[in-house]
Amino acid sequence: MTPIITVPWDEEHKLPGLQSQAIKRCFPVDREIVVNEVSFVRKCIATDTSQYDLWGKLICSNFKISFITDDPMPLQRFHYRNLLLGEHDVPLTCIEQIVTVNDHKRKQKVLGPNQKLKFNPTELIIYCKDFRIVRFRFDESGPESAKKVCLAIAHYSQPTDLQLLFAFEYVGKKYHNSGGSGAVGGSNQKTPFFETYSDWDREIKRTGASGWRVCSINEGYMISTCLPEYFVVPSSLADQDLKIFSHSFVGRRMPLWCWSHSNGSALVRMALIKDVLQQRKIDQRICNAITKSHPQRSDVYKSDLDKTLPNIQEIQAAFVKLKQLCVNEPFEETEEKWLSSLENTRWLEYVRAFLKHSAELVYILESRHLSVVLQEEEGRDLSCIVASLVQVMLDPHFRTITGFQSLIQKEWVMAGYQFLDRCNHLKRSEKESPLFLLFLDATWQLLEQYPAAFEFSETYLAVLYDSTRISLFGTFLFNSPHQRVKQSTEFAISKNIQLGDEKGLKFPSVWDWSLQFTAKDRTLFHNPLYIGKSTPCIQNGSVKSFKRTKKSYSSTLRGMPGSLRNGIISDPDLVPRRNSLILKAKPDPPPPPTSQDHGAEQYFREWFSKPADLHGVILPHVSGTHVKLWKLCYFRWVPEAQIHLGGFITAFHKLSLLADEVDALSRTLRQHRAGSLDAGHAGPDESRMYFRVSAHATPGTPDFLSSAFPFSPVGNLCRRSISGTPLSKFLSGAKIWLSTETLANED
Amino acid sequence: MVNITVIFSLQSLFLVGCVPGCLKICANVMSFLLTPLFHFQTSRDGVNWDLSEAVPRLPGETRITDKEVIYICPFNGPIKGRVYITNYRLYLRSLETDSALILDVPLGVISRIEKMGGATSRGENSYGLDITCKDMRNLRFALKQEGHSRRDMFEILTRYAFPLAHSLPIFAFLNEEKFNVDGWTVYNPVEEYRRQGLPNHHWRITFINKCYELCDTYPALLVVPYRASDDDLRRVATFRSRNRIPVLSWIHPENKTVIVRCSQPLVGMSGKRNKDDEKYLDVIRETNRQISKLTIYDARPNVNAVANKATGGGYESDDAYHNAELFFLDIHNIHVMRESLKKVKDIVYPNVEESHWLSSLESTHWLEHIKLVLTGAIQVADRVSSGKSSVLVHCSDGWDRTAQLTSLAMLMLDSFYRSIEGFEILVQKEWISFGHKFASRIGHGDKNHADADRSPIFLQFIDCVWQMSKQFPTAFEFNERFLITILDHLYSCRFGTFLYNCESAREKQKVTERTVSLWSLINSNKDKFKNPFYTKEINRVLYPVASMRHLELWVNYYIRWNPRINVPHP
């Protein structure tokens, strides 16, 4: 009958032992409350032996599961950590399934949110959405406390209401503390959120889109609750017409402009027209308007995504199979048939399908000069992937970190991708589907094929994926911008928070990476291979920063990357020649194709026969030999799959040292040239690189590197040797939210 | 590559001078990123291009004939061109204005020439020649039907592609190329053994095989236990297939465990024993005091080893060799490997099997074989590196799977072999000098394309090296191009390096005097073959992960002829 005492973490739970000041400062997260805890828990590290197991305390808070080891020495031999999460922590939103086991009674139970447990668990297995499987043993802990922690985890990780997610608690506290608006975030946000009129206006200007305007008829979500307040439409369509048309679209999702090519072709996405009688007429009006917005009055090309691409259920099924294959099944047993099993998941096939289709649309936009309309029933699922991929391929801006983030804001967050349902934060949705992951995977394929074309690294992509599972941030929490406003306003009212003139609570943004990582750790997001437009170039002894002309992503400048043209490298051998075995590169590129029957195939062949301009269009190789499994993302927790002191990270390391060296030299050179008094002064630490040249470090690859870096498989994948629970047996949770009292009384 | 720390410490002194040096490193890295790997066919290495001439020609290369043909390109359709045939190559230049196609194929690459169509066959381009190459491609030429126009092309090609059947010399003996370094001096066995710290108290160098009378397929110089006399060696030789006695390949610099290679014991159906052989193996074990058992890795599958008893071979039984433990590594024989590679070709040439690529690849079993070879080599390396025991490796004759295992294990154990020259020494030592039958396996200048002795064992080894270089991108001084160049000249017959089956045959033919070494070409042009990410490390053992999750088909080699698959970067 003892109620669970909730205690603010920082008062009662000082971290044991020799934790550094830095860790204390950022831990715990504000407003994090310990729900329940149990001591003398053993965390299993290896499947076959208990000799490496760790002893400690298992804690369930309203944000995460923590495991505080008795021995304060971290397992990881490198210092890369999430400021919100300890080495062994799992955010509640990252939990997929909770399995309790009693060895003696040979019982096992998948714990839903509102369930009783008739046995005292000897073991707890947490299946995580990020492919981890963590196991705890309770042999030495109090059986009642162990059971309570298990129930608490089941309870808090499977909330029935959005407002019970930690972000609300967190942001509410922030508002209370600051006593007013503008409480959270706002620091150095370079990433446009596309919440305002001006963000869209800037994007129109950036792409040089004439014939398009920002429309504000949805202010206050008066027209549609799944559209942003501001979006871009053809200039020739009046607000009044749009209002009328909107009724005919599914979800009232009328055409939304995504992006314009420098040749004037636009990329547009829209839902289906459900009104059969009006269909033809409205369709015609819309298409005419889009044509009018094209400087050459080109036709519109419509792409029906529902008919050409796998649907969300198929993608989810593929993902479940992929996960099953990568982490659940025993490593050795899957070796023999690995390739065909991987093929059977169809995951790679789907990644290819999206890349291929997006590349075909690039051809339409770029070569046939036609505007493209993406059509999909609701226009907020497959459209997000395709619209984003097309832009990543066409516009080098979206291959920078800020650009990529703005793309996700624009085509996912603001466009009403249903993160809440698709990520299944509330664990009860039949709508779960990893479309966002599929987009990151497809982006990774491009990064893999054009490693110098992206400002970010694959670590960035993996960390971004993980961030969708941290319920502190508002970015990936909602089904639409309107849902954020509505839910948080309700929440504010219930908590007596004064919102002032703000539209809903401002949640922390994922793009504020300083909330998760130190500045040093964030440098790991930077790809040292990136040949950026702002790369300083030393020419004739002076430092130049060369800028890309506004339209250099058009096909005309394709040839050498800017950096080469600007004279860093004069060796003519470096001019890349593809296909020189069969088709020698012709001296002059053929004039851009004008005729409409110029086939996509020929466009691709021609494109691939020339060296890629990394600041121009990049197209994916989509053959089965090129589309690969994203090993860092899917194998990072699999100990057997780690290449110790190997993997791409070792090349990344070497390259970082070289880049750091060049940076240091050019800094010194700059000071030297400037002839200032402090010429000898090394200046502030402004390295872009995670790995740096240091005088005392021994040369060579650091011992802690492995192909999983910066993730650690140690203790993060502990399959049960007997009776593992297949994820397919996942039970969806009951809808009743237990009070803590009920939970405590459950015996 | 320039030493970074040196630059760093000198930067204040030689600042301006150093920046270009540093940028050069970046230039290397960038060229690595941007330079595609597909110039091989039109490789100009060492070739004198006379601008006034249409065809590149090596010194000593002579023009035989030329002819107008239609090249049936599997990717771009028929292309009219002129083919030039020399005593070294087949060279085709497109005659069509909109195609700059060039084919440059050393005749040594040709495995088979067939006539297609007859004088009466109908249909466009149905009459001509179909050429099967050893490097994963076929070439088709259509000729005019009138006047048996293909007859002399067929005869000339047959003559020069298969010189052995026509009492003609292999081109390597006619090649008059000169390089500023002599590749034949790269490998000096005495120096290499000295590098390993040999001879020492336990191991001696013996000249017993100086004139190849102990074993005609072994090198002249061998390293054997100090305590084994030359007479002992002769007696052991009688009990080992083709007299290939256990000799040292590599010794661990610290724990002094060794890798020893040999052929199978001649046990036979009756289960013969040989006291000298048993004692010899014990002597090997005793060169390292701490070791209680010698580990024997028989590369074959267990059943194959048993089956070999029928032909007089076999394996070391427990009761005869008390102080040894034997493991089978399940690597299949040359015939299985040949068939597997054939299947790979079927799914990649001319068209890549797209619809079920991964399961098609799986059905070739090629990667599975690679996995078994690597797994075997890892076990050998692990035994030795941990100091658990010395290792003896054999298969049947000890010149195919054994060479793969010892050389790969040595590559994992000894970072020296991961440099360009070190790798050349490794190939020269474990493959060439120890009698991997290159002539039989490749069939240099031989017309018998169906010879059962042919097998891609060396290619498989290079593939394993490539797999390792993929997993450890900074561990090797050489790049992918280096490996592909080696494979190209494995067949080309331009160099003497891979000719003949063993050292004694090479000596008889005076190969080092009469031909050029491939290493001359490579070492006089090293920059082209360097890996910009190379980080020199000493005493680091590489353990690749021999899992299907990491093994990949080497697309840049096996599918390099397909312009739709080629990749712009490695």
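Within every chain, numbering begins at 1; the chains are lettered A, B, ... in the order of the sequence lines, protein sequences first and strands thereafter.
A:Gln642 and A:Ser707 share a donor-acceptor pair across their side chains, judged by distance under 3.5 Å alone. A side-chain N or O of B:Glu480 and one of B:Asn556 form a donor-acceptor pair less than 3.5 Å apart. A donor-acceptor contact closer than 3.5 angstrom is absent between the side chains of A:Ser623 and A:Arg352. Side-chain contact check for B:Ser547 and A:Glu640: no donor-acceptor pair (N or O, by modelled atom type) lies under 3.5 Å.
Residues A:Phe709 and A:Phe691 place their aromatic rings such that the two centres sit under 6.0 Å apart.
Interface remark: of the candidates B:Glu368, B:Glu354, B:Glu353, B:Glu354 forms the most heavy-atom pairs closer than 4.5 Å to chain A. Among A:Asn344, A:Val638, A:Ile643, the residue with the largest count of heavy-atom pairs under 4.5 Å with chain B is A:Ile643.
Of the atoms belonging to A:Leu705, not a single heavy atom falls under 4.5 Å from chain B. With a 4.5 angstrom heavy-atom cutoff, A:Lys628 touches chain B only via side-chain atoms. For B:Leu542, no part lies near chain A; criterion is any non-hydrogen pair under 4.5 Å. Within the 4.5 angstrom heavy-atom criterion, only side-chain atoms of B:Glu552, from C-beta onward, approach chain A. Using a 4.5 Å cut-off between heavy atoms, A:Phe604 makes no contact with chain B at all. Neither the backbone nor the side chain of A:Ile649 comes within less than 4.5 Å of any heavy atom in chain B. Neither the backbone nor the side chain of A:Glu349 has a heavy atom closer than 4.5 Å to any heavy atom of chain B.
Within the model, atoms CG of A:Leu348 and CG of A:Leu629 stand 5.5 Å from one another, a figure rounded to the nearest 0.5 Å.
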_Derivation and outcome, salt bridge (charged side-chain N to carboxylate O under 4.0 Å, His left out), residues B:Asp488 and B:Arg560_ = CA-CA 12 Å; B:Asp488 281 345; B:Arg560 62 177 161 157; 2.6 Å; yes
*After noting the C-alpha distance and the side-chain angles of B:Lys536 and B:Glu477, does the key distance pass the salt bridge (charged side-chain N to carboxylate O under 4.0 Å, His left out) rule?*
CA-CA 8 Å; B:Lys536 195 173 176 179; B:Glu477 190 192 6; over 6 Å; no
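For the pair B:Arg549 and A:Phe331, the distance from NZ or CZ to the six-membered ring centre is under 6.0 Å and the angle to the ring normal is within 45 degrees.
Heavy-atom proximity under 4.5 angstrom to chain A picks out B:Leu358, B:Ser359, B:Leu361, B:Glu362 from residues 358-366 of chain B.
With sequence neighbours left out, A:Phe454 forms a ring pair (Phe, Tyr, Trp, His ring centres under 6.0 Å) with A:Phe456.
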